[in-house]
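Report on one structure; see the data block that follows.
Starting from 1, each residue takes its place in the sequence as its number. Quick caveat, the model's predicted, so the values are computed rather than measured.
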Amino acid sequence: MPDPFAAPAKVKSLNRWSIGTLSIFQIASLLIIVLMANFLGSHYFVKRDLSRGEDYSLSQWTRGLLQSQPLQSRQNPVKMIVAFRRSTPITERVRVLADEYARLSNQKIVIERFDPVRDVDRALQVAETYNLAANSGVINRDDLVIIDARADTSAQATKEDSAHIRFVTQEHMALYDTNDGKSARRMSAFRGEDMLTTGLLSAIEGKPRIVYFLADKSDFQTEVSGNAWTVMRDCLLSQNIVPVPVKMSELEKIPDDAAGLIIAAPRYDFTAEEIASIKEYWNRPASNIMVILRAQQTPDQLRIFLREHGVTPRRDQVVTAKGNNILYRVDASFTSGFEYTRDFWSKSTSFDGVSSSLEVREGAEDLINRRISPYKLIETAPQYWGETNSTAKEPSFSEVEDRAGPLTLAAAVIRGAASDDRFAAKASRMVVISNGNFLDPGALRTENVDFFNASANWLVGREEMSGTGPRQLGTYKLPLLSSDATLINRINLFFLPAGLLLMSLFIWNTRRA
């Protein structure tokens with residue numbers, strides 16, 4: 001039993017020097033670890049787009065171009081000059097976007113960035129190299145991206161080099177709208193990837209592809225803007241494909257420079273001479289045809305031509321019943337198996353207006369003997385059927401007369417040995433779509449535009465660019481009442497700092513005790 005009257009044991013004093021030394025060592029070690037982790041993270045990292053729709057990742061269309069043979073086989077890289085002022089709202093977005101192009105191109109794209117206002121000497125050099133006007137040393141279009149795909153990007157640009165140089169300005173990358181009718185503008189969407197990819201493709205290829213549009217046979221009005229023709233034209237131009245309207249009646253044959261032929265919404269039939277010209281073109285090596293049909297309006301000569309290649313437009317209307325209502329808008333999905341639509345296999349779409357079904361003879365022996373291979377691309381949901389009685393006021397499915405779903409709405413045809421690398425470049429291709437309204441501006445869907453662009457790229461031999469296209473990044477305005485804004489301000493300015501201060505005092509008091 002301890003003696004209560006014994007003197008208390010001597011308390012050992014704290015060695016503050018050793019504690020301080022250990023603390024300094026721990027802090028230094030932590031600082032070294034943070035610096036090393038930061039260094040390693042800047043050199044070895046993996047990017048992840050955590051947004052719901054992967055809005056900040058480059059599209060399959062752009063990735064296909066960056067990995068394509070024309071870019072990867074270049075001896076000298078493409079030069080992309082980002083001349084944006086620091087004060088421009090989208091400068092950081094453009095910088096990050098350009099760096100992503102360079103990263104995914106395997107160093108086949110080199111980036112140069114400068115502020116034309118701060119770096120006047122460099123602005124003057126760029127203006128002189130690319131024949132740009134300058135005002136007091138500043139490029140007159142002082143926010144732009146220059147894409148230089150010449151063989152020698154260090155030389156002075158000449159008039160002959162203009163085909164391989166593209167300028168993408170800030171006005172092209174951003175969409176603006178007025179703020180409540182006032183003069184001030186507010187950016188509503190950012191489409192930098194769309195414009196940069198279009199500019200890069202045009203600069204690499206130089207000369208655009210030419211496709212001929214049979215305007216005198218079509219229901220699309222080329223003289224009127226804001227219709228399906230306008231959407232088609234803009235889509236093709238963004239793929240460096242120029243659609244040229246021609247009159248079939250004035251052509252002796254399809255021109256030799258044709259990269260493709262478009263027959264869209266044909267209302268009038270072809271004469272024997274005209275269909276012979278189409279067949280002559282189709283029998284050329286690497287010929288390409290896109291056919292867009294109105295429901296129940298396929299001319300007889302065109303129907304015969306398509307039937308000979310395994311795709312027959314039927315004389316029906318694709319409908320379904322929902323309660324007591326008959327719906328003509330068709331919900332459909334992209335079929336799997338055809339390689340150029342791989343990026344669409346898990347996606348669905350809708351066609352407005354009236355559609356007809358297609359009979360596609362996949363794997364028919366007589367077609368295989370002629371080296372013709374038709375494929376289904378888009379099929380309806382099972383609840384749709386092909387109504388053959390167009391005069392019926394209340395259509396209903398008949399097992400005897402009608403065609404049960406799922407029904408084909410789009411098909412592809414390959415003529416030649418496309419699977420043989422020796423002859424694949426000479427194979428001819430065709431795409432048939434049995435809805436003439438899927439490009440109407442009033443009911444335009446992104447997936448239909450992507451499908452049209454992918455089809456156009458596949459037809460002209462750009463299989464690597466037959467994926468989905470880039471998305472526009474929109475800006476959204478969050479409406480808040482004044483009371484809501486006041487509460488948010490109080491939380492940010494008072495409650496959060498006060499909470500952190502109280503927590504700090506509590507921790508300090510605990511350690512002091």
Side-chain angles (χ1 to χ4, degrees), residues 55 57-68 70-71 78 80 94 97-98 100-101 109 144-147 149 162-175 188-213 220 222 225-245 259-260 262 264 288 290 292 340-341 343-344 349 431 433 438-441 444-474:
D55 296 328
S57 299
L58 293 185
S59 64
Q60 294 299 324
W61 177 46
T62 301
R63 290 172 180 265
L65 173 61
L66 296 178
Q67 297 300 320
S68 63
L71 179 61
V78 175
M80 189 177 290
V94 176
L97 188 62
E100 192 71 359
Y101 275 71
I109 296 178
L144 79 163
V145 176
I146 303 173
I147 302 175
S162 60
H164 295 283
I165 299 175
R166 292 294 182 272
F167 303 96
V168 183
T169 65
Q170 176 205 357
E171 295 294 323
H172 292 144
M173 296 185 185
L175 297 178
S188 60
F190 176 72
R191 53 175 186 170
E193 182 189 348
D194 196 348
M195 303 310 299
L196 286 182
T197 301
T198 298
L200 179 62
L201 174 62
S202 302
I204 293 174
E205 291 188 344
K207 186 178 180 180
R209 314 288 181 93
I210 303 296
V211 298
Y212 289 95
F213 175 74
F220 290 178
T222 57
S225 60
N227 55 11
W229 157 252
T230 304
V231 175
M232 178 188 294
R233 179 198 62 198
D234 293 344
C235 288
L236 292 174
L237 290 176
S238 69
Q239 313 296 319
N240 199 35
I241 301 172
V242 177
V244 178
I262 299 178
N288 307 292
M290 176 176 286
I292 302 175
Y340 99 81
T341 60
D343 206 32
F344 299 87
T349 185
V431 173
I433 304 171
F438 83 108
L439 289 180
D440 283 348
L444 198 60
R445 288 180 170 80
T446 303
E447 55 269 23
N448 291 342
V449 173
D450 285 344
F451 173 68
F452 177 81
N453 290 337
S455 300
N457 279 314
W458 176 72
L459 287 174
V460 298
R462 300 194 199 117
E463 292 87 350
E464 66 277 0
M465 295 186 63
S466 57
T468 55
R471 299 288 177 263
Q472 293 183 3
L473 299 180

Inset, instruction - Determine, stepwise, if the pair Met195 / Val145 fulfils side chain to side chain contact (heavy atoms under 4.5 Å, CB included). - result: CA-CA 10 Å; Met195 303 310 299; Val145 176; over 6 Å; no

Inset, instruction - Kindly write out the residues that satisfy salt bridge (charged side-chain N to carboxylate O under 4.0 Å, His left out) with Arg63, not counting sequence neighbours, or none if the list is empty. - result: none

Legend entry - Reported CG-to-CG distance for the pair Leu196 and Leu65, which is rounded to 0.5 angstrom: 11.0 Å

Inset, instruction - Could you grab the distance from atom CE of Met80 to atom CG of Leu200, nearest 0.5 Å is fine? - result: 5.5 Å

Inset, instruction - Compare all side-chain heavy atoms of Met232 with those of Ile292 and state whether any distance is below 4.5 angstrom. - result: yes

Inset, instruction - Mind running side chain to side chain donor-acceptor pair (under 3.5 Å) on Glu205 and Asn240 for me, showing each step along the way? - result: CA-CA 8 Å; Glu205 291 188 344; Asn240 199 35; 2.9 Å; yes

Inset, instruction - Name all residues meeting the ring pair (Phe, Tyr, Trp, His ring centres under 6.0 Å) criterion together with Phe344; count only those two or more places apart in sequence or in a different chain, and write none if there are none. - result: Phe334

Inset, instruction - Please list, chain by chain and in numerical order, all residues satisfying side chain to side chain donor-acceptor pair (under 3.5 Å) with Glu463, sequence neighbours excluded. - result: Arg429

Legend entry - Which residues share a side-chain contact (heavy atoms from CB on, under 4.5 Å) with Gln67, sequence neighbours left out: Gln72, Asn106

Legend entry - Any Phe220 side-chain heavy atom under 4.5 Å of Leu439 side chain: no

Inset, instruction - Please list, chain by chain and in numerical order, all residues satisfying side-chain contact (heavy atoms from CB on, under 4.5 Å) with Thr222, sequence neighbours excluded. - result: Phe213, Ala215, Trp229, Pro245

Inset, instruction - Check side chain to side chain donor-acceptor pair (under 3.5 Å) between Gln170 and all other residues, then give those that pass, not counting sequence neighbours. - result: Tyr176

Legend entry - Test side chain to side chain contact (heavy atoms under 4.5 Å, CB included) applied to Ile147 and Val78, step by step: CA-CA 7 Å; Ile147 302 175; Val78 175; 4.0 Å; yes

Legend entry - Separation of Leu236 CG from Asn457 CG (nearest 0.5 Å): 9.5 Å

Legend entry - With Asp440 via side chain to side chain donor-acceptor pair (under 3.5 Å) - residues at least two apart: none

Inset, instruction - Identify, with sequence neighbours excluded, every residue that meets side chain to side chain donor-acceptor pair (under 3.5 Å) alongside His164. - result: none

Legend entry - All salt bridge (charged side-chain N to carboxylate O under 4.0 Å, His left out) counterparts of Glu447, not counting sequence neighbours: none

Legend entry - Euclidean distance, Glu193 CD relative to Thr62 OG1, rounded to 0.5 Å: 3.5 Å

Legend entry - Heavy-atom donor-acceptor pair, Thr198 side chain to Ser238 backbone, under 3.5 Å: yes

Inset, instruction - Sequence neighbours left out, what passes side-chain contact (heavy atoms from CB on, under 4.5 Å) with Asn453? Give chain and number order. - result: Cys235, Gln239, Val449

Legend entry - Reported CD1-to-CD distance for the pair Ile109 and Glu100, which is rounded to 0.5 angstrom: 11.0 Å

Inset, instruction - Taking side-chain contact (heavy atoms from CB on, under 4.5 Å) as the test, write out the residues that go with Ser466, two or more places apart. - result: Tyr340, Ala454

Inset, instruction - Could you give me the CA-CA distance, side-chain angles and deciding distance for Ile433 and Phe451, then say whether side chain to side chain contact (heavy atoms under 4.5 Å, CB included) is met? - result: CA-CA 11 Å; Ile433 304 171; Phe451 173 68; 3.7 Å; yes

Inset, instruction - Before giving the answer on side chain to side chain contact (heavy atoms under 4.5 Å, CB included), spell out for Leu66 and Tyr101 the whole-Å C-alpha distance, their side-chain angles and the decisive distance to 0.1 Å. - result: CA-CA 7 Å; Leu66 296 178; Tyr101 275 71; 3.9 Å; yes

Legend entry - pair Pro243-Leu237: side-chain heavy atoms closer than 4.5 Å: yes

Legend entry - Student check: side-chain heavy atoms of Phe190 and Val94 closer than 4.5 Å: yes

Inset, instruction - Using modelled atom types only, decide if a donor and an acceptor are shared between the side chain of Arg445 and the backbone of Thr349 within a distance under 3.5 Å. - result: no

Legend entry - Heavy-atom donor-acceptor pair, Gln60 side chain to Asp343 backbone, under 3.5 Å: no

Legend entry - From CD1 (Ile241) to CG (Leu459), nearest 0.5 Å: 8.0 Å

Inset, instruction - Compare all side-chain heavy atoms of Trp61 with those of Asp194 and state whether any distance is below 4.5 angstrom. - result: yes

